[in-house]
Structures are given as structure tokens and as C-alpha cells.
Amino acid sequence: MLPPIDFKAELNDEQYAAVTSADGPCLILAGAGSGKTRTLTYRVAYLIHRGVPPDAILLLTFTNKAAREMLSRVEDLTGVPRRQFWGGTFHSVGQRILRQSGESVGIHRNYNILDEGEAESLLKNAIQSVDPQFLKNKNNPKPKRIANLISYARNTCRSIQDEADDLFSFYPDVARKINEFAEAYRKLKLEQQVTDYDDLLEYLLKLLREDAAIRNYYQYRFQHVLVDEYQDTNKLQSEIINLLVGESKQVMAVGDDAQCIYTWRGADFTNIMGFTRRYQGAEVHKIETNYRSSPEILDFANAVLAAQPAGTGYHKELRPVRPTGERPFLIPVMDANQQAEVIITRVQSLLDEGHNLSDIAVLYRAHYQAMELQMELSRAGIDFQITSGVRFFEQAHIRDLAAQLRFIANPTDTSAFNRFAGLLPKIGPKTAERLLKLASQLAAKKACSVCKALCLPEISKKVPVDAAEEWRELSETLDQIDIAANDNEPAAKLVQIAISGWYGTYLRNTYDNYEDREDDLLSLVGFAREYDTLSEFLSQLVLLASETAQRSDENKDAMRLTTIHQAKGLEFPIVFVIGLADGLFPLKRVVDDGSLEEERRLFYVSVTRAENELYLLYPIIARQGGGVLRLPMSRFLGEVSPARYQKLHLSRPSW
């Protein structure tokens, strides 16, 4: 006997209409803070109360945690054990179906799933089987970069050849080779009966397309398919949903087009925008009552969306239920340093008012934009957690670059040398130490610097063949930095040479997000300009890294620092959004790529994280890179009427 549920009493009118919607395709446009999870949970409970068997309901989510939480709530509501439902990520559902039915597409029941490192290693083997010389050429992309390209193409249902042609348009031979590598990789996995994560979806799609009996079985079994965060689905996932639903069209998609911020990962904005065309006769329900934010914050957020070009997204207007509060604060600051000072001053006031550090979040568009803030928080003894990754000075690429500069300052620093030399193929700690020892001996014998000695043929011939070409560029870069250091060039110039040399090439060939990493490194140029000598700059880097490392991320009462992408789905009583200048937010290179509307959606997401207080900080100048640049205020702020916020002047702050 199911416990009774008064759906009408426990849901608002919008949620109730969505939960009790008729059979057939249905799109639920759930605005920020509107109770999306509650709506999905009660929809499952409603279906159970209508007599739908639990194992006939498929709930697709983007994290297993989300599925567990929803089904746990359903169990509390209905008393039906959550193990009776089919719920989980696309990948977890895919692997489950392939275990049962994958034989017809060549996947045996006992296949193994490779983790990311294992998959990359197998791809490297495939590359070497096709072209043993490919990875020895420093100008060719590394296996990780190739793996990410192949993955993106597969998830967007695009040919690997086309994706490679676009990404490596200036290297047609490389693009052609990548297609061959992908095919060799596919065959290796089949031979070994292993899959990577993308295979779980690709083989599921292949199975549903090619095996009519299997397709009919799952279409009959899943009487209702519910999809969470539909705006984040990619082309591959959309095709899987279509085939699982079949002619019955029993699909409920829940999402928010205004929070589609992952197209760079393959999310397809047209999935949610084209839902009613794909599923003719679909009902559309809007859930616009917001339980999270004050009316003033929602007024601002609605204005951000209203500035979208006509036809860009569905019209929605968040409606408040909470009492009135403060309008958002717009605070112009001189630069990133003053931005950090303002935040710390306000945080200290908030603590005096009785708030906890965990009530406060600082959101930013790119990781490097929080560098100065991390430094100042550490100096002020204010605990903070980094949601968007490791702390700025602990990032691998920051430490890699610093290691090169440490070696220039002290050529006997074996640890520094081992760190960056070890990035080259076939060079481990023992090989690196042997090369450095030989270079030191040659330097003494020939009365030259160690960096000059590293460029000599006597060293080059001792370098592993696979690393020979890359070694040449590395040693030349070190020599250039060393010469500039001996000419007493400022630390900022040395940092710039290091970025422009071997390590810049390494980043571009290794990481998909190399542009983000380059931005981080360029921010070090501006930071280095504050110090007269390389030694002083390096000392500060070490001290700052040590200071930030001492602050415990495990401390629950800590401020949250995070990129906006990582903040999606979170909420905080007090939110600071920093770097609100054109070029920083929206990022210039993203605008140049034609993705302005996704940047606007990202700003909307940042604003709607705030519950009670919202602070928007605009730095007037930037010292990133080689100079000082005056920045215009973010166009997103300019599109909002000044009546919707209060502008604070630092000479007379209202708090």
C-alpha cells in the first residue's frame, strides 16, 4: 500500500501542472531556484501512484549523486526501494544495457571499462602502431590532446576527420593521421574487450539503431523516460533518448536553456530549443517561481535575460516569494588588488554581523582572475575553499613554469630541473639527473653557463631519441632566459620568454584548455612586474604557495572560491562576482569565437547563485601580460538599468 500524497498541497501550481501532465512528450523549463529536483521527484512518485511499475521508469541524470538523491526522495515519498528503479547517468545506464545486450555489437558481457589514464595509454599504443615517429615530433599533438579531440567528435556525432580538419587546419597530414589513430584505437579496444567512457554511449546508440529486437525490448520496458538537466545533453545523448523513447514519445525533459553553459564540452543548445519540433505535440511547462533569491536579485537576473537577442531562448521571468532585500551592489575598483581589498573588508564586516565564512562565495569567469584574491585572503588568515580546482599557485602549469625560472636562478636545483625535463618523453628522474650532471661538468670544462651547456651536441646525443626535437627547443629557451637574466632584464621579461618558448608549445600540444592555462601564465607576467629581481619574484611565489597551502580545504567554515561553471547548481547567501570588465567577462577570445550568448548565460548563472546579497565588482585596469590596459565595464552590466542596482563608491561605502 502506497502512502498517500497530496500533490496539490505539496507543490505550487506550476510544479503541480508539470508533475501531473498528461502522457506524451513534455518539456519542463525550470528556472534557477524553482524546485527542479522537487518537480522530478514528485513526477516519479506521481507515476508510481498511477500504477506505473518502478522498473518501467528510466531516470537519466548527469551525476550518479543526483540520481541517488532523487530516488532516495522517491523512496521516502512512496516507500518503494530505490533499487527497483532504473536511474543514473547516461554512462551508467549504457554500461548496464551493454552488459545485458551488447553481444550483437561485439561487446561481451564481461568487458572492462578503462579509466582515463588507461584509455590514453591504449591510444598511445594505437598511435605508435600506425606511425612510430608521430609522437617524436614536438609539433604534433600529445596523446591526451588527440584523445580529447576524438571524444568531442564522438559526443557531438561529428566525424573525427572533420573535427581534426577544423582543429588542425594548418596541419592536414596531422588531421588525416588522427582519423587513422582513432580507427586503430577502436580495433585495439574491441580485440581486448575493453571500452572507454565514450564507448558506453556510442555502442549503446549503435545497439539501439542496429538491433530492432533489443530496441523494441527497451522501448517497451521503459514506459516513461525522464531526463534531468536536458540543456546539457549532447548530440549523442539526444539520439539515445530518441531511440529509447520510440514511437510512444513518453519523455519528460527538465532543463533551463538560460543555464546552458557547457557547449564547449559538447552540450548542444539546439536540443532544448528544438524539443517541440523533435517531439510534435509536446507540452511545455514553465516553472518560474524562485525560492532562492531576493526580489531585487531576481529583478536584476531577469534584466540580464531580457537583453538576449530576440529568439535566442525561451521567454521566462523568475518570480520571487521571498521578502524584499538589498539591490545588487556594483563596485568599480582600480584593479585586481583593490578588488581583493574590497572583498576582504566586506567579508570582515559580514563576519562581525554574524555571518559564517561558508555563507560567502566569490565567482569568477577564469581561474587566474582570483590570483590576487587568493594571496590576500591567505595573508589575512581567512579560510577559503577552491571548488574550481587546485589553488592558483599549486596548479601544474604554474609550477612547471616556476621550475624553469628556479633553475635559471640556481642551476644546481635538481628538483626544479627534474620537474620540467620530466615532461619530455622517455626522460625520468635518473635520466634528467644524468643529463644535468653532464651539463654541469661541461659548463665547468668550457667555462660557459649550465644552460649553454645543455644546448651542446655532447648533451643532445645523450637525450632519448623520442625527446630529441623537444629537447632542442627546451634547451634553447632556457639559454634565452639565462642570457636575459644575466643582462639584468626584469623578472616579467623572463616570465614572458618562458611562456613564449618551449613551454608554450608544450601547453598547446598537450591540453585542450591551453588558452586558459596561457591566461594563467600571462597573469604571472603582471605579477612579476611588482618585483625587481628574479630571486625576489621566486621567493614570493614559494611563500604564497606555502601560505595558501596551509589553509585547510577541509575546514567547513570557509569561503568558497569557484569558477561560475563549477558553481552551477550551488547557492549562497552572499555572492561576489569579480572581474566584470569587457575582455575578462565576457572573455575576449570567447566573444571573438562567436559565443557571446553563452557568456551572457554564464553571467545569468552567476547572478542567480545569490540568495540575499550580490556584489558585482568591475576592475577599471588590468595588469595582465606586458602592460597596463584600461577596461570598459562589462557589456552585461551596461545592458541592465542602473535602477536595478546600487553603485558604491569606495570613498563612501554604505556598509
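Here the closest heavy-atom approach between residue Y503 and residue D400 is recorded as OH-OD2, 2.6 Å. Closest heavy-atom contact between Q250 and G24: OE1-N, 2.9 Å. Of all heavy-atom pairs between G255 and I272, the closest is C-CD1, 3.9 Å. When all heavy atoms are compared, the tightest approach of G246 to Q219 is CA-NE2, 3.4 Å. Of all the heavy atoms in R419 and A403, the pair that sits closest is CD-CB, 3.9 Å. Pairing each heavy atom of G87 with each of L71, the nearest pair is CA-CD1, 4.0 Å.
Within the 3.5 Å criterion, the main-chain N or O of D196 finds a donor-acceptor partner in the side chain of D199. Listed for the T263 side chain is no donor-acceptor partner under 3.5 Å among the backbone atoms of G266. Without hydrogens or angle criteria, E75 side chain to R82 main chain gives a donor-acceptor distance under 3.5 Å. Here the side chain of R215 pairs no donor or acceptor atom with the backbone of L244 at under 3.5 angstrom. Between the side chain of E191 and the backbone N or O of L188 there is no donor-acceptor pair closer than 3.5 Å. In this structure, T608 contributes its side chain and A32 its backbone to no donor-acceptor pair below 3.5 Å. D257 contributes a side-chain N or O that, together with a main-chain N or O of Y314, makes up a donor-acceptor pair within less than 3.5 Å. Side-chain N or O atoms of Q193 include one that pairs as donor or acceptor with a backbone N or O of H108 at under 3.5 Å.
Taking the ring centroids of W86 and H224, they lie at or beyond the 6.0 Å cut-off. Under the 6.0 Å cut-off for aromatic ring centres, F585 and F603 qualify, their centroids lying closer than that. For Y217 and Y220, the gap between ring centers reaches or exceeds 6.0 Å. Ring to ring, F181 and Y185 are not that close: their centroids are 6.0 angstrom or more apart.
In this pair, F420 and F417 present their aromatic rings perpendicular. The plane angle is above 60°, beyond the 30 to 60° band.
No hydrogens or angles considered: nothing links the side chains of E229 and Y262 as a donor-acceptor pair under 3.5 Å. With no hydrogens or angles considered, a side-chain donor-acceptor pair links Q161 and D165 at under 3.5 Å. At a cut-off of 3.5 Å, with distance as the only test, a side-chain donor of N234 or N155 sits close to an acceptor on the other residue. For the residue pair E210/S104, the side-chain donor-acceptor check at 3.5 Å is not satisfied. For the residue pair Y230 and N271, no side-chain donor N or O sits within less than 3.5 Å of a side-chain acceptor on the partner.
A cation-pi geometry, defined here as NZ or CZ lying under 6.0 Å from the six-membered ring centre and within 45° of its normal, does not hold between K136 and F134. For the pair R517 and Y511, the cation-pi criterion (under 6.0 Å, within 45° of the ring axis) is fulfilled. Geometrically, R601 engages F269 in a cation-pi contact defined by less than 6.0 Å to the ring centre and at most 45° from the axis.
Distance OG/S101 to CG/D211: 8.0 Å, rounded to 0.5 Å. To the nearest 0.5 Å, atom CD1 of residue I28 and atom OG1 of residue T39 are 7.5 Å apart. Interatomic distance, CD1 of I57 versus CG of L226, reported as 7.5 Å (0.5 Å rounding). Interatomic distance, CG of D198 versus OH of Y152, reported as 13.0 Å (0.5 Å rounding). From L201, atom CG reaches atom CD of E239 across 12.5 Å, with rounding to the nearest 0.5 Å. Summarising the geometry, atom NE2 belonging to H397 is positioned 13.0 Å from atom CG belonging to L423; distances are rounded to the nearest 0.5 Å.
Taking a cutoff of 4.0 Å between a charged side-chain nitrogen and a carboxylate oxygen, K568 and D232 qualify as a salt bridge. A salt bridge links D228 to K36: at least one charged side-chain nitrogen sits closer than 4.0 Å to a carboxylate oxygen. Between E597 and R600, at least one side-chain N (NZ, or NE/NH1/NH2) sits under 4.0 Å from a carboxylate O, which counts as a salt bridge. Looking at R158 and E163, a side-chain N of the basic residue comes within less than 4.0 Å of a carboxylate O on the acidic one, giving a salt bridge. One finds a salt bridge joining E470 and K142 here, because a Lys/Arg side-chain nitrogen approaches an Asp/Glu carboxylate oxygen to under 4.0 Å. Using a cutoff of 4.0 Å between basic side-chain nitrogens and carboxylate oxygens, R589 and D593 are not scored as salt-bridged.
Within 6.0 Å of atom CZ in R399, 12 or fewer heavy atoms from other residues, nucleotides or ligands are found, so the atom counts as exposed in its surroundings. No more than 12 heavy atoms of other residues, nucleotides or ligands sit less than 6.0 Å from atom NZ of K124. Heavy-atom neighbours of Q192 CD from other residues, nucleotides or ligands within 6.0 Å: above the threshold of 12. The environment of NZ in K249 is crowded: more than 12 heavy-atom neighbours from other residues, nucleotides or ligands sit within 6.0 Å.
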